[in-house]
Amino acid sequence: MMPLKRIVSVRQKIQLSLQRLWVSPRQRLAIGAVGVIFVAGAGWAAFQSNSPAVPEMASMLPQGALLTIEAKDFAGLLKRWSESPQKAAWLKSDNYSVFSNSRLFGRLGSAQDEFAQTAGLPPDMNFLNEVAGTRSIFAWYDIGNLEFLYITRMPSGAMEKTRLMQTRGKFSRRQAGGQTFYVKTGGQETDPQGNSVQGQARTVAFATVGDWLVLGTREDLVAGALTLMGKARTAETASDSVVGEPWFADARAAAPQEPGDLRMTLNLEKIVPSPYFRHYWVQQNITEMKQYRSAVSDLYAGTGDFREERVLLAKSTSEDAGGNPDLKALTALLPAHAGVWRAVSSPGVDAALASVDEKLLQRRTGVYQDMRIAPQGDVSVPTAGSTGDLETRIDAEDPTRISAYADPLAALRQTLADSSVEAMMTVSRTGEATDGIWIPFQSAVVLSSTQEWNARAIEDALRAAMQARLTAGGLGVEWKTVQSAQGSYEEMGSARPLAVAVRGRLCLLADDPALMQEMLEHASRQPNTASGKALSQATVLAGFDLRPERGSFARWSALVDRGSAGAGPQAADGAGGTHTPAFFSENMRGLGDVFSALDGERFAESRNGPLTRQTVTYLWQH
C-alpha cells in the first residue's frame, strides 16, 4: 500500500500533527481545538462501554460527519501531552518558529479569535482543560469552515464550574429532544471606523445532559445530538446517527475488537476529493487513496512504544489470489545499521527496474524548481515559416524525439522479466564521514525470484547499463571476483562501485562492499532464505532507524543549507532582522531533536480481499 516515502518519515508525520495542534507560544488553540488535540496523537482508538445502559458514543452523532475520533480518557491524554518534555521542547524549537509564521497558523488564529468573539472566552488551553472529560468523541463535519461536534463525559459539578456554563446567560435558549441548549452566533468584526473586516460569523452552541457535555459550532448539530441522546438504543436510532451510515458501519465491523486509547474513523470518499486533503496531506498519494472508501485507525499508547493499527476498506471487492512470498526471509538479511528499508511482494518488472536504477545506477541529480520565482513570460513572436519551407513535411516525426542511443536498461529489464521477480527489498543508509566532510550514502537492492538466477545474464545486463552511462569504450566496467569471509561476489568500478552476488533464488546488489558483506553474512545463516516455498500474508514490511541516522542528517543538512546560503529567504534574515531558520539544518533538525527519544519506526501491511491492514509501531528509548 505505501511506498517508502510513505513509511512516513517520522519527522514529517509528527510535524503535520503538531502543526494542527498548538497555534501560539501561549498555548492558544484553533476553533477546532477540541478535535485537533485528538489528531495530535497521530493515531486513534475506540471506546466501548462496559455498561449496556450507556449508548455507544457514535450513536449520538448526527449523520454527515467526515471523520470521528473517540477517546477512552481525553483528559488523561491531554495531561500526558501537556506534561511531556516533547511539548516543551517543540514550543522552543525552530520548527515551531517557522510554523508560527505560516499561513495555516494565521488561519487557525483568525478562527479562534472569531470563536472567542462569539463565545466571550478564548479557546485556549485553560478552556480545553475545563471541557476535557474522560470518554469523549469528536466529529468533523466541514474542515474548511471548522464545523465540528464534541461530546464528552464529565461530572455535572465540574461542568457547572466551567466558564462556558457560567456565561450561558448571554446565549439564546433552544429546545431539542426534551433538553435545553444554548446558542449564539457572532457578527462580522468592524474596525474603529465601522467598516467590516475580514472574518467569519461563528456559531457556538452547547448543552449539558446529565454527565454529558455537548459542544458544537452548528446549532443543528447540537440539536441533532440531543435528539439522538433522548432516544432509546434501537435500530431506528442507529439509522438516524452516523452509526447507520455504510462507510462508518463497515469500517467499525473491520476494526480490531480491542480498541486502543484513540480511534479515528474516516469517510475517505468525501475526504479525499477535498482540496484541504490534497493540500495538507503529507504523503501526497492522492491517486492511491482514491481506491478506498473508508478507514479506521487505532492508537495503543504504551510506555516503550506506540502502536497504530489501521484498516482501509477498498471500493472494489475483488479477492486476492493465494498468499505472498515470505518477506521475513528478505528482512533477515538486513544489516545491524539498516537506515531506511522496505520489502515488498510482487513488485513487478517496472518497479524492480526503477529501484535498481534509482538506488545503484543512475547519475543524474534531482530536479529543483524555486516556486517563489515566477517564470519568465515568452513575448517573442513565433516564426510562421517562409516560402523556402514548402518542401518540409509538417506531419513528419520530430527528429529531436529520436534518441541517439538505445535504452541502456533494455537488457536489465528483459533479465528481470525472465527471472520472475516475486519480492524485493531496498536498503538505504548513511556511512561514516571518513574525511569529515562528505556523508556517504549506501544502498542495496535484494531481489527474490521464483527460480534460480542466471548470474552471467544479470552481470551482463548491469554492465550494459553502466557502460552506456559511464564510458564509450568499456573502460572501468569489467567485473572482478572478490573473495571475502562471507563468500565471493562480483564487483565493478572504483569511481562508482557496484557489487552483485547470486545465491540461488536471491540476487543481492549493493554500491558499498561493507554493506554487501554484511548481507552475505546474514544470507549464509539463512539456509532456507532462497527456498521460495514459504508464504505469508504480508505485502509490505518496512522500517526506519532514526537513532543511527540522526548524526548524519545533522552533518548533511548543515552542508546543504550552507551551500544554498544567500539563495533564498531560508538563509536570510526576515523583516526587522529576525532570523528565518534554514529548512534542513534548523527547521527539520529541530523537529528531530524534539523527538530525540524516538528510536525508529516499523511498518507492516497485509491484504485480504477488500481489506488492507497496516501496523505502524513507533519505538521509544526505555
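Counting begins at 1 with the first residue of the sequence. Since the model is a prediction, treat every value here as computed from it, not as a measurement.
Here L498 contributes atom CG and E491 contributes atom CD; the two are 8.5 Å apart, rounded to the nearest 0.5 Å. From R589, atom CZ reaches atom CG of D561 across 10.5 Å, with rounding to the nearest 0.5 Å. In this structure, R429 CZ and S552 OG are separated by 10.5 Å, a value rounded to the nearest 0.5 Å. Here the OG-CE distance, from S93 to M588, works out to 10.5 Å after rounding to the nearest 0.5 Å. Taking CG of L327 as the reference point, atom CZ of R342 lies at 10.0 Å (rounded to 0.5 Å). We find the CD1-OG distance between I69 and S297 to be 10.5 Å, quoted to the nearest 0.5 Å.
Counting only distance, with no hydrogens or angles, the side chain of Y618 and the backbone of D599 share no donor-acceptor pair below 3.5 Å. D511 contributes a side-chain N or O that, together with a main-chain N or O of S443, makes up a donor-acceptor pair within less than 3.5 Å. A donor-acceptor distance shorter than 3.5 angstrom exists from the side chain of Q284 to the backbone of W281, with no hydrogens or angles considered. Although no hydrogens or angles enter the test, the distance criterion places no donor-acceptor pair under 3.5 Å between the side chain of S345 and the main chain of A423. The backbone N or O of K79 lies less than 3.5 Å from no partner atom in the side chain of S82, so there is not a single donor-acceptor pair. With hydrogens and angles ignored, the 3.5 Å screen pairs no side-chain donor or acceptor of D512 with any backbone N or O of Q442. For R278 (side chain) and P273 (main-chain N/O), a donor-acceptor pair under 3.5 Å exists by modelled atom type. Judged by distance alone, with hydrogens and angles left aside, the side-chain atoms of D545 form no donor-acceptor pair with the main-chain N or O of G600 at under 3.5 Å. Side chain of E83 to main chain of L78: no donor-acceptor pair is present (N/O by atom type, distance under 3.5 Å, no hydrogens or angles). A donor-acceptor pair is defined here as one N or O able to donate and one able to accept, closer than 3.5 Å; such a pair exists between the side chain of Q291 and the backbone of E288.
Summarising the geometry of A65 relative to Y141, their closest heavy-atom pair is N-CE2, 3.4 Å, with the distance given to 0.1 Å. For the pair T331 and A343, the tightest heavy-atom approach, listed with the atom from each and the gap, is CG2-CB, 4.2 Å. Heavy-atom minimum distance, A597 versus Q86: CB-NE2, 4.3 Å.
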Practice problem: For side-chain hydrogen bond (donor to acceptor under 3.5 Å, both in side chains), just list the numbers for K359 and S428, CA-CA rounded to whole Å, side-chain angles, deciding distance to a tenth of an Å, and then say yes or no. | Solution: CA-CA 8 Å; K359 298 290 184 182; S428 298; 2.7 Å; yes

Exercise. Could you please spell out the steps behind the side chain to side chain contact (heavy atoms under 4.5 Å, CB included) verdict for L508 and L447?
Key: CA-CA 7 Å; L508 292 76; L447 302 171; over 6 Å; no

Self-check item: Test side-chain hydrogen bond (donor to acceptor under 3.5 Å, both in side chains) applied to S585 and S557, step by step
Solution: CA-CA 5 Å; S585 59; S557 60; 5.1 Å; no

Exercise. Check the pair Q517, Y489 against side-chain hydrogen bond (donor to acceptor under 3.5 Å, both in side chains), reporting the backbone distance first and the verdict last.
Key: CA-CA 9 Å; Q517 293 173 18; Y489 61 91; 3.3 Å; yes

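Two residues are said to be in side-chain contact when any heavy atoms from C-beta on lie closer than 4.5 Å; V445 and M424 meet this criterion. Proximity of V446 to L509: side-chain heavy atoms (C-beta onward) are nowhere separated by under 4.5 Å. Looking only at side-chain heavy atoms (C-beta outward), L299 and D261 stay at 4.5 Å or farther from each other. Side chains of L361 and M466 form a contact here, defined as non-hydrogen atoms less than 4.5 Å apart. Side-chain atoms of W556 and F584, non-hydrogen and from C-beta on, do get closer than 4.5 Å to each other. Between L312 and Q614, the closest side-chain pair of non-hydrogen atoms falls below 4.5 Å. Side-chain atoms of V311 and T612, non-hydrogen and from C-beta on, never get closer than 4.5 Å to each other. A heavy-atom distance below 4.5 Å is not found between the side chains of P513 and M516.
T217 and E147 are not linked by any side-chain donor-acceptor pair at a separation below 3.5 angstrom, with hydrogens and angles left out of the test. Checked by atom type, the side-chain pair W90/N95 shows a donor-acceptor distance below 3.5 Å. E308 and Y300 form no side-chain donor-acceptor contact under 3.5 Å, judged by distance and modelled atom types alone.
The existence of a salt bridge linking R547 and E549 is excluded, since no basic side-chain nitrogen approaches an acidic carboxylate oxygen closer than 4.0 Å.
Classification of the F595-W620 ring pair by plane angle, with boundaries at 30° and 60°, yields tilted.
Between Y150 and F138, the ring center distance fails the sub-6.0 Å criterion.
Screening N267, L67, I271, L266 for a side-chain contact (heavy atoms from CB on, under 4.5 Å) with W140, the sole residue that qualifies is L67.
Every residue was checked against the salt bridge (charged side-chain N to carboxylate O under 4.0 Å, His left out) condition with D73, not counting sequence neighbours, and none meets it.
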